[in-house]
Amino acid sequence: MLDARFVRENPDIVKNALAKRGMDVDLVPFIALEDERLVFIKDADELREKRNKVSEEIAALKRRKEDASALIEEMKDVSARIKEYEEKLNDVGRRTREFLLTLPNLPNESVPVGRDETGNVEVRRWGTPREFGFTALNHWDLAEMHDIIDFDRAAKIAGARFALMKGLGARLERALMNFMLDLNTSKGYKEVFPPILVNAESMTGTGQLPKFEMELFKTFDELYLIPTAEVPVTNIHRAEILEESKLPLYYTAYTPCFRREAGSYGKDTRGLIRQHQFNKVELVKFVKPENSYDELEKLTNDAEDILRKLELPYRVIALCTGDIGFSAAKTYDLEVWLPGQGRYREISSCSNFEDFQARRADIRFRREGKKGTEFVHTLNGSGLAIGRTLVAVLENYQQKDGSILIPEALRPYMGGVERIGAAPVCK
RNA sequence: GGAGAGGUGGCCGAGUCGGUCGAAGGCAGCCGCCUGCUAAGCGGUUGUGGGGGUAACACCUCACCCAGGGUUCGAAUCCCUGCCUCUCCGCCA
C-alpha cells in the first residue's frame, strides 16, 4: 500500500509512476476525499477536546456535590455531533483505504520501462544448453516412460492440473526440497515451516487481497490456501516493531502452494509446469531500506546458486514496468533452459517490495538511538519452484537411451541413486 | 464437541461503587549522580499512530488498555458480538 500522505502530496509522481505500469489512475477523487478527511479530523478533534475539558469540570462539580445538570445538558449536544463526525470519518477513511489497497506499488527507477513482457530485459546468462544429438523429449514423455508421474490418476483423484508423483519421481521431488533447504540454511536463512492456510489479514498484508481473490482457493472457514510461502512467512512479523540490531532477517521455507490459475485456460495444459498445487522453497528477507537493493541482488544470486549447483543453464530477466507484479517495486525472474520446449521458462521470481507490504502488514523497526519507527523493506524469491526444477532436471539430464542422470549435487539426497531408467530402478 | 477462566504499556502486574487513567507498583532499558571496580543506592526518564506546529527540535491536540458495536455528559472499568489464549472432559493424526 502506498502512503496516503505521500499520494495526496505527490499526485503527479504517483500518476507518472503508475503510468509506466500502463495504468491511468485518476487521483482527483482520492485527493478530494483526503481533503475532506483532514477537515473532519480537525473538527472532530476540537469537539473531543471540548468534551474532555467539560467532562473534567463535571467530575469536579460532582465531587463537590454541586449541580452539573446544565453542563451535562450542553454536552449531550456535543457528544451527538462527535458521533456524527466519527461516522463520517469512518466512512471516508474506509473509502480512502479501499482505494489505496487497490493501487499497485510504484516501480523503482532502475526498472526498465515497457508495456508488457516484450519489454523485459535479459541481464545475464549462465551455462550453455546441452547439445543432445537426438531429439530431446518433453518431461511428461520422460515421466510416463519411467512411470514417475501419473497425471491420469491425479486427475481421477483431484482433477486437471494435479500430479501424482511416484517412485523415484516422488523421491526426486523430496530430494530437491531437502537440497534447497540445506543450501539456503547454510547461507544464513532460518528455516521455518509455516501454516499453509492463512486468514484474510495475512493475504491483505502481502497484497493478494483484496484485488486477487479469484486467484486463490478459499475454504468455508474464511481461510485461504497460500499461493506462495511469501504470505505466511512475510506475515510472521505483521504488526511488529523490530529492533534494528535484529535486521536483516532471512527466512527460508518449504511449503506446498495452491493457485486457481483462473484465466490460464489453454496454457501449459500438459505436464508439470502449471499446477493447482505445487511445492516451492521460498526465500524471504526483512531489511533496512537503505540495503534493500543490495539485498535483492544477493537474494537473486542465492536463488541462482541453486541452479548453478544443479548445473542447469539459466538466464536472469529484469521485468519491465508493465510486467512486474502488483506489490513489487522491482523483480528479477530466473528462467531455466528446458530442452523439451526449446526455451527458457520461469523458475524463480525475486522481488523487492520496498515498504509496500510492510505498510500493509505494519512491519516496522526502530533505529538505535532514534525515536520513532520506520517501515522495513521486504523481499522474497523462489529458491526454487520444486516442480519446475524437477522438469528441468528430467529434460536437461535425459540420455539417448531415455534414462535420466541424477545431478551430482542431488545424489546424496537420492540415497545414492545416480540414474533413473537404465540401472536397477524401482518403479 | 461439552464445561470453565482470561485478554491492560518491552515484560510482570494493579485498576475500588464508571469521572482528575496513557493508565499505580515492580522489572528491564536510557540519562545523570554517587562509589577504587562491580554490585547496591539516589534523582530523572522511557509507547504507537493521526492532525497542527517548527528550518529542525520544542510544543499543542486527538486517538489507542484484543477487535467491532452499544449504554452514558463521561468507559480500561458496564452490556452485546467476534477473535484469540489457557484449564478440565470427550475425540483424534
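Convention: sequence-line order gives letters A, B, ...; per-chain numbering from 1. Note that the coordinates shown come from a computational prediction; the quantities given were computed from them, not determined experimentally.
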What is the separation between atom CG on A/Asp362 and atom C1' on B/U48, rounded to the nearest whole Å?
9 Å
Please check if any side-chain donor atom of A/Ser327 sits under 3.5 Å from a side-chain acceptor atom of A/Gln357, or the reverse.
no
Rounded distance (Å) that lies between atom P of B/G9 and atom CD1 of A/Ile241
13 Å
Quick check: are there more than 12 heavy atoms from other residues, nucleotides or ligands sitting under 6.0 Å from NZ of A/Lys187?
yes
Closest-nucleotide mapping onto RNA chain B: is A/Glu87 or A/Gly372 further toward the 5' terminus? I mean the 5' end.
A/Gly372
Mate of B/C37 across any strand shown (Watson-Crick or G-U wobble, both atom pairs under 3.5 Å) is none
Whether A/Arg37 contacts B/G51 is assessed here as follows: a side-chain N or O lying under 4.0 Å from the phosphate OP1 or OP2. Is that the case?
no
Within the structure shown, what part of the strands sits under 4.0 Å from A/Thr373 by heavy-atom distance: base, sugar-phosphate, or nothing?
sugar-phosphate
With a 4.0 Å limit, can you tell me whether A/Arg366 has a side-chain N or O closer than that to the phosphate oxygens OP1/OP2 of B/C30?
no
Nucleotide B/G70, atom C1' - distance to CD of A/Glu86 in whole Å:
13 Å
A/Arg21 versus A/Thr321, side-chain donor and acceptor atoms under 3.5 Å:
no
When rounded to the nearest Å, what value does the distance between C1' atoms of B/U81 and B/G25 take?
34 Å
Pairing nucleotide - B/A76, Watson-Crick or G-U, each distance under 3.5 Å
none
In whole angstroms, how far is the C1' atom of B/G52 from the CD atom of A/Glu9?
13 Å
We want to know whether A/Arg238 and A/Ser202 form a side-chain donor-acceptor pair, criterion being a heavy-atom distance below 3.5 angstrom.
yes
From C-beta outward on A/Arg5, which listed nucleotide comes closest to its side chain: B/G51, B/G74, B/C62?
B/G51
Which part of the nucleic acid does A/Asp43 contact within heavy-atom distance under 4.0 Å: base, sugar-phosphate only, or nothing?
nothing
OP1 or OP2 of B/U72 sitting under 4.0 Å from any side-chain N/O of A/Lys62?
no
When all nucleic acid strands are considered with a 4.0 Å heavy-atom cut-off, which category describes A/Lys53: base, sugar-phosphate, or nothing?
nothing
Pairing of A/Glu86 and A/Arg48 as salt bridge, 4.0 angstrom limit
yes
Would you mind reading off the distance between A/Glu74 atom CD and B/C73 atom P, rounded to a whole angstrom?
14 Å
Looking at A/Glu87 and A/Lys83, is there a salt bridge between them, counting it only when a charged N and a carboxylate O are closer than 4.0 Å?
no
Separation of the P atoms in B/A39 and B/C27, to the nearest angstrom:
15 Å
With a 3.5 Å cut-off and no angle check, do the side chains of A/His139 and A/Glu395 form a donor-acceptor pair?
yes
With sugar-phosphate meaning primed atoms plus P, OP1 and OP2, does A/Ile41 contact a base, only sugar-phosphate, or nothing at under 4.0 Å between heavy atoms?
sugar-phosphate
Counting any heavy atom closer than 4.0 Å, what does A/Glu49 reach on the DNA or RNA strands: base, sugar-phosphate only, or nothing?
sugar-phosphate
Residue matched to B/G22 through Watson-Crick or wobble contacts both under 3.5 angstrom:
none
Separation of the P atoms in B/C30 and B/A40, to the nearest angstrom
13 Å
Under the side-chain hydrogen bond (donor to acceptor under 3.5 Å, both in side chains) rule, collect the residues that match up with A/Asn52, sequence neighbours excluded.
none
Does A/Asp268 pair with A/Arg270 as a salt bridge, N-O distance under 4.0 Å?
no
Output the rounded distance in Å from CG (A/Asn90) to P (B/G50).
17 Å
In whole Å, what separates the C1' atom of B/G82 from that of B/G74?
26 Å
Return the pairing partner of B/C88 with a 3.5 Å limit on both distances, Watson-Crick or G-U wobble; otherwise return none.
B/G2
Identify all pairs in which a protein N or O lies below 3.5 Å from an N or O of nucleotides 78-83 of chain B, and state each distance.
none

OP1 or OP2 of B/G19 less than 4.0 angstrom from a side-chain nitrogen or oxygen of A/Asn52, does that happen here?
no
Send over the distance from A/Lys83 NZ to B/C62 P, rounded to a whole Å.
20 Å
Pairwise C1' distance for B/C92 and B/G2, with rounding to whole Å:
16 Å
Complement of B/C59, any strand, by Watson-Crick or G-U distances under 3.5 angstrom:
B/G52
Over all strands shown, is A/Arg97 touching base, sugar-phosphate only, or nothing at heavy-atom distances under 4.0 angstrom?
nothing
Give one of base, sugar-phosphate or nothing for A/Lys76, where a contact means two heavy atoms less than 4.0 Å apart.
sugar-phosphate
With C1' as the reference atom in both, quote the distance from B/G68 to B/C73 in angstrom, rounded to an integer.
24 Å
Report the distance from atom CZ of A/Arg359 to atom P of B/G49, rounded to the nearest whole Å.
12 Å
Find which nucleotide of RNA chain B each of A/Arg364 and A/Lys50 is nearest to by heavy atoms, and output the residue with the more 5' nucleotide.
A/Arg364
Lys/Arg-Asp/Glu bridge criterion (N-O < 4.0 Å) met for A/Lys309, A/Asp305:
yes
Any donor-acceptor pair, under 3.5 Å, between the side chain of A/Asp45 and the base of B/G50, if you only look at N and O atoms?
yes
Assess whether a salt bridge exists between A/Glu84 and A/Arg81, defined as any Lys/Arg side-chain N lying under 4.0 Å from an Asp/Glu carboxylate O.
no
What does B/A67 pair with, Watson-Crick or G-U, if both distances are under 3.5 Å?
B/U81
Applying the 3.5 Å cut-off to both distances, the Watson-Crick or G-U partner of B/C42 turns out to be B/G32
Could you tell me how far B/C91 sits from B/G15 if I compare only their P atoms? Round to whole Å.
40 Å
If the C1' atom of B/A58 is compared with that of B/C65, how far apart are they to the nearest Å?
29 Å
With a 3.5 angstrom cut-off on both distances, give the Watson-Crick or G-U wobble partner of B/U16, or none if there isn't one.
none
